[in-house]
Each structure stands twice: as structure tokens, then as C-alpha cells.
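Read the structure below first, then the notes.
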Amino acid sequence: MASKNDKRKTRAQVRAEAERARKRRLALIGGAVALALIVAGGLIWTNRDSSNLPSLQVAEAAAFEGIPTDGRVIGNPDAPLHLIEYGDYQCPACAVFGTQVFPELLSDYIAQGKVSFEFRDLAFLGDESVTAAEAAACAIEQGDFWLYHETIYLNHYGENLGGLSKSRLLEMAELSGLDKDAMKSCLDSGATSSQVQEMRQEATQLGLNSTPSFVLNGEVISWQGWDALKQTLDAALADN
Amino acid sequence: MQRLQTTSRLTAISLGLALAGIAVSAYLTLVHYRDDLLVCAVSGCHTVQKSPYAELAGIPVAALGLGMFALIVLLGALRRARPDLSDNLTLAIFAIVLAGSVFAIYLTWLELFVIDAICQWCVLTALLIWASTIVEGTLAWRALKPPDLDDYEDEVAT
């Protein structure tokens, strides 16, 4: 049996050893945590650069000044021609129509009282098309569809690539002067989803399977470019 | 004896979680290239898979997850085969799953607040990583636990 002094010494050694082991454990686990955080930080830093979404732009409100609007309809309610576009916010041809052709249609025909124009959704290109269509319908509830509609087209970015994510649509709403919180509540509640579905069914019943598609005074006309549409409008105006 | 049984059980759970992780992330890697194979109970899988965040320096994030789970299985198997390396391997696995866990938190945040879409398979992968981190954290803590002072003192006293 060890003497009393030897026993005390041995206990002291054991305590020191245990203390060293405790510190070693904390150091090793701390090192592992630090290493993990550095690796995760590197992954996050690399991934956050993956998003190359362009910054948002807002359409010009001045283009719509003085032109009567009623929800999805813009222009003189008594105009001889009523032109409906069935579009998808993610469709590239619709974006070209919205940003390049529509301004001319607006100034040359709609603002002149010759045409009343209506936009209806044929949201068929995926989740972001549907969310954008629902957001645009929510804008009607706030009484200002057209600036938001044009702003969405101005920020067109591919299909389902995050360009029309809910957060970006909310930012666009704010940029367009809409109440962002009200827009969020409207989107979250799904208040406009049935409206968007009904428009898609309606387009299908009309036999439309591509966007943009147009209906002029109840008659489906195929989209063959702005010049062809202008000729059709001029001819229809001459007949009236 | 009880301690050994618990450790063995935890390493088996960790291995099971990693194998499940391999299955889910292999599927997600496949659908990254074959969109038509994507089965989704919610509506956001496609959006998440096609988002610019689904790749990291050109590599699908799902493939990174697959690599991580495969590495855990490999190191986990080695840990069972070589008990002498057990502590170091446990620490290495813990560091790997913790890094994966933090990255999974970031990806889930992206889904909820940036992409605004939820992918059920991605959520399942994140849950597997978080569960693995808890198990491996427990194993690391136990593996590096210093000897019980009372046991030593009993030994000295006899």
C-alpha cells in the first residue's frame, strides 16, 4: 500500500492529468468547430456569388398618365377595338411585347382612344409565372395594375431562375409605389390564385396554347409581330 | 460496458443517417440533370433546383452533399474497423457534419427568404445533416471525455 504522502502526490498528479485532458478536449472540439465554421463560411461565400440576378428597375409611370384604367383594362372604355393579350410574365416574347411593342401600342392606339387593351394571364411556364400573375392581380386590389405589370416585364429574367421570386416581386411592388406589406398579405393568403387559374382555363377554352396570344373584339388573332398587329388594328379601325 | 454499448449504438445511427443522406442527395444530384424525374409533393422543388444557388462553382450543391455523406460513411466504417483511430476519426466526422450543418442552415434560409420555394428533398437532407451533427457531436464529447477522477482516486486508495 502507498504511504499517505505518496497517495497525496498521486492524487495531485491524477487531478493534473484530468485537467490536462479536459483542456485537450475543449481545444480539440473548439478546433473542429472553428475549422467547420471556416469551411462553411467559404462555401456560403462562394455560393452567394452564384446569384447573378440583375438589380431591379421600375417602369415609367409617366407613360400611363391621363389614360383611363380599370383593373386589367387600360384605355377608353368606349374605344371601337378591345384587344386582349394572354401572356405569361416569364415568356420572353411577352417580355419583348411588354417592353418594346406595348409602349408604341399605348401611345399610338390606346392613348388615342382607338383601342382599349386588357392583359389576362396564361401562366403556364412554372411556379414563378403563377406567383407573378397572382402578384399582378394583387396589385389590382391596390388600384394600380399597369405600372406594376410593366415593371414585372421590365425585370424579366429567364424561366424559374429566381427572377420572379416572391421576394423580388415584393421589391418590385415597393418600387412601383405599391404597399409591400399589403402585397405580401395578399400573396400569402392566396386571394388571387383562383382568378389566375380561371384565366388559364379560359385561355385553354379559347384554344390558346402559346403566349403572347391576342383576342381582338372577341376573335383570336395570331401574334406575328408588331407590324402585322398594327395592320390588323388599322384594318379593324377602318371597318368600324 | 454501458458506455461502449451507447457509443456503438450512436455510431450505427450515424452510419444509418449518412446512408439515408446518400440516397436522398444522389436522387437530388440525378434530378439536377434529369428534371423529368423530379417528384415533388410541394410546388417549389423545381424552382429550388433551377435557382442559381443550386450550384456552387459549377458543381450541383446536391453532389456536394452526396460527397459529404459518402465521406461520412467511409470514415464511419473505418472508425468501426479501427478503434485505435476512433477518437480522431470522430472528431474529423464531427467537423465535416458541422460544416455541412451550417451550410444547410444557409440553404434553408435561401429557400425560405430568397428563393421563396421549399423543396421537400432539400429539407429532408438538411434534417439528416442536423441529426448527424447532434449524434457526432455527442460522440465527440464522449470520446474526448477525460477519465473520471473518482475512479482514479479509488484505484489509488486501494
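Each chain gets a letter, A, B and so on, in the order its sequence line appears, and its residues count up from 1.
Taking all atoms of both residues into account, the shortest heavy-atom contact from B/A95 to A/A32 is CB-O, 3.8 Å.
Other residues, nucleotides and ligands place more than 12 heavy atoms under 6.0 Å from the CD atom of A/E202.
Proximity to chain A is absent for every atom of B/V97, based on heavy atoms less than 4.5 angstrom apart. Neither the backbone nor the side chain of B/I105 comes within contact range of chain A; no heavy atom of the residue lies under 4.5 Å from a heavy atom of that chain. Proximity to chain B (any heavy atom under 4.5 Å) is shown, for A/R20, by neither the backbone nor the side chain.
A distance of 7.0 Å separates CG of B/L64 from CG of A/L43, quoted to the nearest 0.5 Å. Taking OG1 of B/T90 as the reference point, atom CD1 of A/I29 lies at 10.5 Å (rounded to 0.5 Å). To the nearest 0.5 Å, atom CG of residue A/L28 and atom CZ of residue B/F94 are 11.5 Å apart. Summarising the geometry, atom CG belonging to A/L37 is positioned 6.0 Å from atom CG belonging to B/L98; distances are rounded to the nearest 0.5 Å.
Counting only distance, with no hydrogens or angles, the side chain of A/N47 and the backbone of B/L56 share no donor-acceptor pair below 3.5 Å.
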